[in-house]
Amino acid sequence: MDYNYNEIEQKWQEWWRKEGVYKVENGGDKPHFYVLDMFPYPSGAGLHVGHPLGYIASDIYSRYKRLQGFNVLHPMGYDAYGLPAEQYAIQTGQHPAITTEKNISRYREQLDKIGFSFDWSREVRTCEPKYYKWTQWTFLQMFKHYYDNGANKALPIASLVERFAKQGTKDLDAACTEVLDFSAEEWNSWDEAKQQQVLMNYRLAYLADIPVNWCAELGTVLANDEVVNGLSVRGGYPVERKLMRQWSLRVSAYAQRLVDGLEQIDWTDSLKEIQRNWIGRSEGAAVWFPLANDGKDLKDVKDLKDPKTSFEIFTTRPDTIFGVTFMVLCPEHELIDQITTPEQKAEVEAYVTWAKNRSERERQAEVKKVSGVFTGAYAINPLTEEKIPIWVSDYVLAGYGTGAIMAVPAHDSRDFAFARHFNLPIRQVVSLEKDVVSDPSTWEESMDAKTGYSVNSGFVTGMKVKEAMAAVIDHIEKMGIGHRTVNYRLRDAIFSRQRYWGEPFPIYYRNVECGMRNEEFSIPTPIPEECLPLELPEVSEFKPTATGEPPLGHAKKWAWDTKTNTVVDVSDIDNKTVFPLELSTMPGFAGSSGYYLRYMDPHNDEAYFSKDAVGYWQKVDLYVGGAEHASGHLIYARFWNKFLHDIGMSVVEEPFQKLINQGMIQGRSNFVYRSKTDNTLFISKGLIKNMDDVTPIHVDINIVDNDVLDIEKFRQWRPEFSDARFELEEGKYICGWEVEKMSKSMYNVQNPDDLVARYGADTLRLYEMFLGPVEQAKPWDTNGIEGVHRFLKKFWKLYDNCLTAQAGQAGPTKEELKVLHHTIKKITDDIERFSFNTSVSNFMITTNQLTDLKCSSREVLEPMAVLIAPFAPHIAEELWHQLGHADSVCDAQWPVCDPQFLVEDTVKYPVQFNGKMRFMLELPADSTQEDAVKAVKEAPESAKWLTGEPKKVIFVPKKIINIVC
RNA sequence: GCGGAUAUGGCGUAAUCGGUAGCCGCGCCAGACUUAGGAUCUGGUUCCGAGAGGAGUGGGGGUUCGAGUCCCCCUAUCCGCACCA
């Protein structure tokens, strides 16, 4: 009987669907396990072979866990909001919902062909109202909470209001945009608009004027992780810094918990490191430097921390405070106007204007270029009482620390470059050896390392750097001019996008004075939670409006009637009961930040997910996806989950216990080489003497087999090659190859459907795994797929004897059982450590062995079908049924390895004489002390070393034979 | 610049505990069956050497009876961050 994979696969895929084999229930006696894939954005291009790699790996693991008796949740859905559908809509007028729907069905079709065990009854789509209802709901909860640093969690904003009414900001330690200081009396005297404005400073989802990454081409702002090198990740358009009123999420409040949480989870070190870098925790000190206005000395300064007469800096090197030779403020610093002397005013203003107008790309491209200007003002070093000049430069960033630094050119490379450029003094205060000082003017670079000893540093001179740091901080804390502090690089996440195809904000602008949105007088107000979801309105156009408003500005029906709690026509806005709704939408990461929780209880209309559901599944046990989400989705989702944990929704803090990053699959492009002197002559790779004589041309990988070009197909491929001539080596044209991104323009895209049609899904699944370790990036290369396909044919054939003759009744031989149990052990171990490529190899070895043994025993072949089921579910299902089972192989039990069959016949021992290893000896596994001595004496090698009776023999079974002569 | 990872035949890779490096597959070579082979099967295939033998896991050093594996230094490649004080 032939292995008719297409027929088999179609048959069982239908059966699985009909029988609902993969449907999962919450609860039951079985232990639970949650395996999750990062859900895809359904793009118009469909799946290529890179997409299913992670899905296959996770599918193997979930099928395996299920066979081991776990109740496995393995869902799939679509991250359906996104820019491409919207841009397509702008170009064609096609509604993004239609494009998205179409792409989803294409994706589903492709996914189904590969035979995944997804429970599709739990599918979620982020663009569906019943899903995004809960995205909006979470946003509202963030709006209604603030972060209390004392409690170290989010608390209701109502409790903050109560507190303000009683004691103002006294003793308040909360995450905020700006530190405020007011009394209860002040609070109570304010009107609602003012109070709301103040509360906005604390909300976890807040509206503020912030410098954003504005992408004019896309007409929207972007999050930091959506910008690379000053260009947008999607599209590669220039991005500029711009001050805009935007919704943001106060992710920074969770910075410490996001760092700490990494300790509890099972992710790779490299990924944790990426997140640590992104969060960028650094310990140091905040120090106030008084201004030396009007020739003031330190003793003249009464209030060292008065922001009118002092400014605060952040440093990670408090020990170098004796080496400060100038100060630098960022161009945005509010003190600049005040302190700049009249002589410097023109120059400073010109510089500040120039710096502010520079685009993000220019700034990043010119990092090495030093620029800055002296303000004419001086500060007083509170430890040395020296007067030090204050400069302005854009190498100091407004968004980090306090936007001001103390410059220590001797021990900071950036300060060093600045000092050299403007000829400012450099003073050494740290030395690798105690009391040894050199002349910094001869230095080629600064000495940044935090090692060595303090020199020229007053009371810390002679101390080690670490000690000096502590001593200086203690000192400034005693003086009352500063304190130990921690700074994070992590910024709040900008949450507004000026787009159509995203979740609308459930916010309207209740107006006090006039009918404007986003103005100081209007109060952003949530619509009642019971009115969610606030559905995305229809618009006449997907472009921004003529006045520059986001696309939702085109919506006719986009106002909130507070009387009826419904969406009404914008023309009804009367600013008494009907108000304008927010026009921006949420970013891509909004919908993907909590989808894993929704899968637990996807049809719940009363709650995001029920307490029972989350109590049962708890968290994702295994998450498989690309590492490119390290500083985006994987941070946002952890933040989202921590917030939900704070408000009592999710039960654990870290949502993804174990994370596997599948490596990217790159394309493997093929080239032909056209002679530069003869346009129709193509030279086989091995015959090219000088690469300069030829032009490499990409050639479609589908007309190349094992780097051998199909000459006829090549001539037909494109008209200009129809008269191509070739210089062949041994009758073949050998193409060159290179690993590149998988892309249409390089003719190296491999579509999984073609391979499924040609070899079957099981072959594709096995081959993708066989290609190499899941976590490793690798080029796609179809050259080996035949071998895997041959293996499946052999595996299929193995069952012939068992199924046709009465041979199936024959009991297994000991040899066969040994092969089987070794395989059980190997495959189980392989799966546990995600080494699926070795699993496939092991299946091949076993199949060869069983074929050699002419195995036809049901007791061996039945468990083999179960073992291969996670990898090649279709063939396994078919064979399982042919063996007479009526149920699915998915409901079988994972075979257990019987250790008695694992015992090796022989074991190799290193034989040592007087402690020195002399040779290896192979002995029966059950050898005794006597056997070992006898074997050593009889071994030919012994003659060289062993003279007479050994004095002592140490025999450690399975390890060593040590002989003392 | 900082941080992380990787390096093994012609190619993808394996070696889970420090114990005969190169399993499995591709490719290649030879053979069988064939009118034929881009089908199937059998055998061979790290390199040098006719052979005996020798060399060999990016390079150099170390620990060890024994190192692909552990330690130190260097090189190359890939990835992440990048004026973050």
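First the proteins, then the strands, lettered A, B, ... as listed; each starts at 1. Treat the numbers as computed from the prediction; the structure is a model and nothing was measured.
Closest to the A:Asp394 side chain, of the nucleotides B:C83, B:G3, B:U16, is B:C83. Here the nucleotide nearest the side chain of A:Tyr395, chosen from B:A85, B:G25, B:C83, is B:C83. Here the nucleotide nearest the side chain of A:Ile405, chosen from B:U16, B:A85, B:C24, is B:A85. Of the listed nucleotides (B:G4, B:C81, B:A14), B:C81 has the atom at the smallest distance from the side chain of A:Arg489. Considering only the side chain of A:Tyr400, B:A85 comes nearest among B:A85, B:C24, B:C81. Checking B:G80, B:A85, B:A14 against every side-chain atom of A:Asn277, the shortest atom distance belongs to B:G80. Set against B:C24, B:A14, B:U16, the side chain of A:Arg833 has B:U16 as its closest nucleotide. Of the candidate nucleotides B:G25, B:A85, B:A14, B:A14 has the atom nearest to the side chain of A:Pro773. Candidate nucleotides B:G4, B:U16, B:A14 were compared by shortest atom distance to the side chain of A:Ser270, and B:G4 ranks first. Which of B:U40, B:U16, B:C24 sits closest to the side chain of A:Lys826 comes down to B:U16.
As rounded to whole Å, 16 Å separates atom C1' of B:C26 from atom CG of A:Leu766. When rounded to the nearest whole Å, the span between CZ of A:Arg790 and P of B:G38 equals 13 Å. What separates CH2 of A:Trp780 from C1' of B:C26 is a distance of 14 Å, to the nearest Å. Distance A:Met844 CE to B:C26 C1': 10 Å, rounded to the nearest Å. The nearest whole Å value for the distance from the CZ atom in A:Arg276 to the P atom in B:G4 is 11 Å. Remark: C1' of B:G38 and CG of A:Asp710 are 10 Å apart, rounded to the nearest angstrom. B:C11 atom C1' lies 16 Å from atom NZ of A:Lys778, rounded to whole Å. Residue A:Asn842 contributes atom CG, which lies 12 Å from atom P of B:U16 at whole-angstrom precision.
A donor-acceptor pair is defined here as one N or O able to donate and one able to accept, closer than 3.5 Å; such a pair exists between the side chain of A:Arg765 and the backbone of A:Phe871. Without hydrogens or angle criteria, A:Asp319 side chain to A:Ser454 main chain gives no donor-acceptor distance under 3.5 Å.
Taking the P atom of each, B:G38 and B:G27 are spaced 12 Å apart, rounded to whole Å. Taking the C1' atom of each, B:A21 and B:U8 are spaced 8 Å apart, rounded to whole Å. With both ends at atom C1', the span from B:G56 to B:C41 equals 34 Å, rounded to whole Å. For B:C2 and B:U57, the C1' atoms lie 30 Å apart once the distance is rounded to whole Å. B:G10 and B:G58 are spaced 13 Å apart, taking the P atom of each and rounding to whole Å. Spacing of P atoms, B:G68 relative to B:G60, comes out at 13 Å, to the nearest Å. B:G12 and B:G22 are spaced 13 Å apart, taking the C1' atom of each and rounding to whole Å. Nucleotides B:U20 and B:G25 place their C1' atoms 23 Å apart, quoted to the nearest Å.
Classified by its glycosidic torsion, B:G9 falls in the syn category, the angle being within 90° of 0. In this structure, B:C78 is classed as anti because its glycosidic torsion departs from zero by more than 90°.
Remark on RNA chain B: of its neighbouring residues A:Gly772 and A:Trp278, the 5'-side contact belongs to A:Gly772, judged by nearest-heavy-atom nucleotide. Where A:Tyr488 and A:Lys794 meet RNA chain B, the nucleotide closest to each residue was compared, and A:Lys794 sits on the side nearer the 5' end.
Looking at A:Thr782 and A:Tyr759, their side chains never bring a donor and an acceptor atom within 3.5 Å of each other. No hydrogens or angles considered: a donor-acceptor pair under 3.5 Å links the side chains of A:Tyr395 and A:Asp415. Between A:Ser835 and A:Asp830, the side chains place no donor N or O within less than 3.5 Å of an acceptor N or O (distance only, hydrogens not considered). For the residue pair A:Asp781 / A:Asn783, a side-chain donor-acceptor distance below 3.5 Å is found, with atom types taken as modelled. Side chains of A:Asp448 and A:Ser413: a donor-acceptor N/O pair is present below 3.5 angstrom, by distance only.
A:Gln776 comes within contact range of the sugar-phosphate backbone alone, with a heavy-atom separation under 4.0 Å but no base atom that close. Across all strands shown, A:Leu397 has heavy atoms under 4.0 Å from base atoms, whether or not it also approaches the sugar-phosphate. Contact annotation for A:Ser282: backbone-only contact, meaning every heavy-atom pair under 4.0 Å involves sugar-phosphate atoms and none involves a base. A:Val788 comes within 4.0 angstrom of nothing in the nucleic acid, heavy atoms only. Using a 4.0 Å heavy-atom cutoff across all strands shown, A:Arg491 reaches at least one base atom of the nucleic acid. Contact annotation for A:Pro779: no contact, since no heavy-atom pair falls under 4.0 Å across all strands.
A salt bridge is defined here as a Lys NZ or Arg NE, NH1 or NH2 lying under 4.0 Å from an Asp or Glu carboxylate O, and A:Glu775 with A:Arg833 fails to meet this definition. With respect to A:Arg758 and A:Asp754, no salt bridge is recorded, no charged nitrogen being found less than 4.0 Å from a carboxylate O.
Pairing for B:U20 is absent, judged as Watson-Crick or G-U wobble with the two contacts each under 3.5 Å. In this structure, B:U8 forms no base pair with any nucleotide, since neither Watson-Crick nor G-U wobble geometry is met with both distances under 3.5 Å. B:A85 is unpaired under the criterion used here, namely a Watson-Crick or G-U wobble arrangement in which both key atom distances are under 3.5 Å. Of all nucleotides present, none satisfies the Watson-Crick or G-U wobble test against B:A36 with each distance under 3.5 Å. Base pairing analysis places B:G53 opposite B:C48; the two distances defining the Watson-Crick or G-U wobble pair are each below 3.5 Å. Across all strands shown, nothing is found opposite B:U69 as a Watson-Crick or G-U wobble partner with both distances under 3.5 Å. Partner assigned to B:U42 is B:A30, using Watson-Crick or G-U wobble distances below 3.5 angstrom. Base pairing of B:G3: its partner is B:C79, meeting the Watson-Crick or G-U wobble criterion (both donor-acceptor distances under 3.5 Å).
For the pair A:Asn661 and B:C79, the criterion of a side-chain N or O lying under 4.0 Å from OP1 or OP2 is not met. Between A:Asn837 and B:A14 there is a side-chain polar atom (N or O) within less than 4.0 angstrom of OP1 or OP2. For the pair A:Thr268 and B:A5, the criterion of a side-chain N or O lying under 4.0 Å from OP1 or OP2 is not met.
Under the 6.0 Å cut-off for aromatic ring centres, A:Trp278 and A:Tyr488 do not qualify, their centroids lying 6.0 Å or more apart.
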